[in-house]
Asks: 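Sharing a structure below in structure tokens format, with a few things to ask.
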2 protein chains.
Amino acid sequence: MERTERSGRQQSTTEHRRRELLEAAERIVLRDGPDASMNAIAAEAGITKPILYRHFGDKGGLYRALALRHTDALLANLATALDAPVLRRDRVEATLDAYLLAIESQPQVYRFLMHPAEGDTAPETGFDVGRHSAPLLRRLGEELAKVITDRLDLGPGGELTARVWGHGIVGMMHGAGDWWLRERPCTREQLVTQLADLLWGQLAAVEDRAGGPGF
Amino acid sequence: MERTERSGRQQSTTEHRRRELLEAAERIVLRDGPDASMNAIAAEAGITKPILYRHFGDKGGLYRALALRHTDALLANLATALDAPVLRRDRVEATLDAYLLAIESQPQVYRFLMHPAEGDTAPETGFDVGRHSAPLLRRLGEELAKVITDRLDLGPGGELTARVWGHGIVGMMHGAGDWWLRERPCTREQLVTQLADLLWGQLAAVEDRAGGPGF
DNA sequence: GTACGATGTTACTAGCGGTAACCCGCAGTG
DNA sequence: CACTGCGGGTTACCGCTAGTAACATCGTAC
């Protein structure tokens with residue numbers, strides 16, 4: 001039937017238009033940060049607001065669509081680092097490095113991803129701590145947990161341990177990366193080494209300072 | 001001279017009024033989250049907007065004033081946990097627990113502190129990654145770094161190591177805490193133990209899963 | 001030819017942060 | 001007494017935002 005044929009083509013051109021709009025939005029968001037207005041984005045795309053709303057529903061929808069692309073890209077990157085066939089320590093360092101390289105080379109993207117400007121489709125949840133704080137981080141944590149579960153023999157209750165560690169490590173990466181990107185107190189390699197040391201138990205291993213009350 | 005006398009009293013009553021306004025603001029922020037509007041806060045305080053602006057300059061100023069109180073309170077809490085005269089492991093666990101207890105018992109406050117809704121007094125910095133992401137976390141990281149530097153003998157370059165670890169650990173705490181508060185997959189005690197294990201190098205210590213490609 | 005559907009517009013609403021201009025009451029001063 | 005200064009308070013506004021209705025236009029399928 002022609003119906004499906006035509007609707008198929010329409011679908012594809014619609015998708016194409018949507019991609020164009022997303023690219024315009026991306027240019028503006030990268031330029032103006034999370035304060036980018038729908039008007040500005042529409043202007044960049046050479047159109048007016050209502051069209052954006054037809055395509056993405058609301059601002060949150062547009063932002064989510066935009067975030068999805070980069071999130072997927074970053075996750076793919078990290079997955080390859082995580083799959084490198086080397087020693088565990090090297091693999092951890094490679095993953096940390098991949099993340100830090102990503103946020104270093106595209107800080108605006110990173111910043112945007114971390115603050116998708118609300119819009120959880122769930123109004124009035126009443127207990128939505130971290131509504132802003134990036135679904136990206138949650139996805140990263142879960143992915144890492146999966147890898148840990150797959151590769152490590154954690155014994156009974158290991159699944160919970162893996163998830164705690166996954167989210168903990170991602171949080172560590174994020175927190176340290178945020179600070180590092182802002183202050184740039186050292187090279188990326190140094191940061192990676194220090195963080196890997198931390199994960200390798202150096203905090204517990206180093207000696208107390210002589211004469212101090214211990215730690 | 002009466003001048004100073006009067007201006008002194010005026011000062012104190014002004015301070016008092018300011019505290020009242022802050023308390024009203026707190027009630028609203030705790031009720032409405034970061035979306036609390038200046039109108040709503042003014043209404044709660046029984047006045048109108050311009051007065052708020054006279055006292056706090058702009059919305060960011062009010063939010064900063066509000067955040068400062070809780071930030072100080074939380075930091076004081078953590079400091080005592082950090083100063084408990086016990087084993088290093090116990091101290092780390094106590095600190096983790098103190099943080100988690102705080103965010104568990106007052107999630108709205110926690111959420112508010114993590115997203116002080118922009119307003120860095122510096123418009124157009126152009127490179128302000130993490131403008132939203134809580135000065136609280138940065139303060140926490142620095143405090144922890146100080147403690148680590150004081151207590152541990154990290155050798156040459158130890159100051160940098162301490163800062164990396166400080167921000168890394170705070171990030172871990174934050175990331176894991178955020179996830180835990182949202183999903184509640186285990187008790188607080190369990191979470192604390194797992195995180196401390198992670199810091200104690202268990203990630204490096206556990207065995208590969210039998211038959212797997214290693215990790 | 002005509003009905004549909006997607007693309008696009010102008011013109012609007014409601015609410016936000018923030019401000020200017022004005023009013024009132026009260027301390028201190030000639 | 002009148003008069004001046006000043007902090008607390010108000011109404012009414014500005015410019016902006018996200019989001020929406022109503023209307024126009026073009027290409028295609030029947």
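Remember, predicted model here, so these are calculated numbers, not experimental data. Residue numbering restarts at 1 for every chain, and letters A, B, ... go by the order of the sequence lines.
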Asks: Salt bridge check, B:D178 against B:R111: does any charged N sit closer than 4.0 Å to a carboxylate O?
Replies: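 So B:R111 does not pair with B:D178 through a salt bridge.
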
Asks: What side-chain donor-acceptor pairs closer than 3.5 Å can you find for residues 40-51 of chain B, not counting sequence neighbours?
Replies:
unit_1, atom_1, unit_2, atom_2, d
B:E44, OE2, B:R27, NE, 2.5
B:E44, OE2, B:R27, NH2, 3.2

Asks: Give A:I51 one of three labels, base, sugar-phosphate or nothing, depending on what nucleic acid heavy atoms sit under 4.0 Å from its own.
Replies: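 Answer is base: heavy atoms of A:I51 come under 4.0 Å of a base.
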
Asks: In degrees, rounded to 10°, what is the bend between the two ends of the helix from C:dG1-D:dC30 to C:dG30-D:dC1, using five pairs at each?
Replies: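 One end's axis against the other's: 30°.
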
Asks: If the threshold is 4.0 Å, N to carboxylate O, is there a salt bridge linking B:E143 and B:R139?
Replies: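 The answer is no: the pair does not qualify as a salt bridge.
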
Asks: So for A:R54 and C:dG8, does any side-chain atom that can act as donor or acceptor lie under 3.5 Å from a complementary atom in the base?
Replies: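 Checked by distance alone, the answer is yes.
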
Asks: Figure out the CG/P separation between B:D35 and D:dA18, and round it to whole Å.
Replies: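 After rounding, the reported distance stands at 14 Å.
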
Asks: Between A:N39 (CG) and D:dG15 (P), how many Å, whole number?
Replies: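 So the CG-P distance, A:N39 to D:dG15, works out to 16 Å.
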
Asks: With the threshold set at 4.0 Å, does a side-chain nitrogen-carboxylate oxygen contact exist between B:R184 and B:E104?
Replies: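 Yes, B:R184 and B:E104 are salt-bridged.
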
Asks: Name the closest nucleotide to the A:R17 side chain, picking from D:dA18, C:dG8, C:dG17.
Replies: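 Nucleotide nearest to A:R17's side chain: C:dG8.
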
Asks: Taking the side chain as everything from C-beta on, heavy atoms only, tell me whether A:H167 gets closer than 4.5 Å to A:E142.
Replies: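 Touching, per the 4.5 Å side-chain cut-off.
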
Asks: Closest to the A:I47 side chain: C:dT9, D:dT20, C:dA20?
Replies: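 Closest of the options to the side chain of A:I47: C:dT9.
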
Asks: May I have the distance from B:F56 (atom CZ) to D:dG8 (atom P), rounded to whole angstrom?
Replies: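 Computing the B:F56:CZ to D:dG8:P distance gives 12 Å.
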
Asks: Between P on C:dG15 and NZ on B:K49, what's the gap in Å once rounded to a whole number?
Replies: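 The answer, rounded to whole Å, is 13 Å.
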
Asks: Just the rounded figure in Å: distance from P of D:dC16 to CE of A:M38.
Replies: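 Spelled out: CE on A:M38 to P on D:dC16 is 18 Å.
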
Asks: Heavy atoms from C-beta onward define the side chain here; which of D:dT10, C:dG17, D:dT17 lies closest to that of A:S37?
Replies: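 Nucleotide nearest to A:S37's side chain: D:dT17.
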
Asks: Side chain of B:H55 only, heavy atoms from C-beta on: which candidate in D:dA18, D:dG8, D:dA21 is closest?
Replies: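 Among D:dA18, D:dG8, D:dA21, the one nearest the side chain of B:H55 is D:dG8.
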
Asks: In whole Å, I'd like the distance from the CZ atom of B:R18 to the P atom of D:dG7.
Replies: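 After rounding, the reported distance stands at 16 Å.
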
Asks: How many Å lie between CG on A:L52 and P on D:dT17, as a whole number?
Replies: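 Going from CG in A:L52 over to P in D:dT17 covers 14 Å.
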
Asks: Can you find a donor-acceptor N/O pair under 3.5 angstrom joining the side chain of B:K59 to the base of C:dG18?
Replies: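 Per atom types, no contact qualifies.
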
Asks: Among B:V164, B:L137, B:V170, which residue satisfies the side chain to side chain contact (heavy atoms under 4.5 Å, CB included) criterion with A:W179?
Replies: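 Of B:V164, B:L137, B:V170, side chain to side chain contact (heavy atoms under 4.5 Å, CB included) with A:W179 is met by B:V164 alone.
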
Asks: Examine distances only and state if a side-chain atom of A:W165 and a backbone atom of B:L195 form a donor-acceptor pair shorter than 3.5 Å.
Replies: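 Not confirmed, A:W165 side chain does not pair with B:L195 backbone.
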
Asks: What is the distance, to the nearest angstrom, from the CD atom on A:E20 to the P atom on C:dT7?
Replies: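 After rounding, the gap between these two atoms is 11 Å.
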
Asks: Examine C:dT9: is either OP1 or OP2 under 4.0 Å from a nitrogen or oxygen in the side chain of A:T48? Give yes or no.
Replies: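 For A:T48, the contact criterion (side-chain N or O under 4.0 Å from OP1 or OP2 of C:dT9) is met.
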
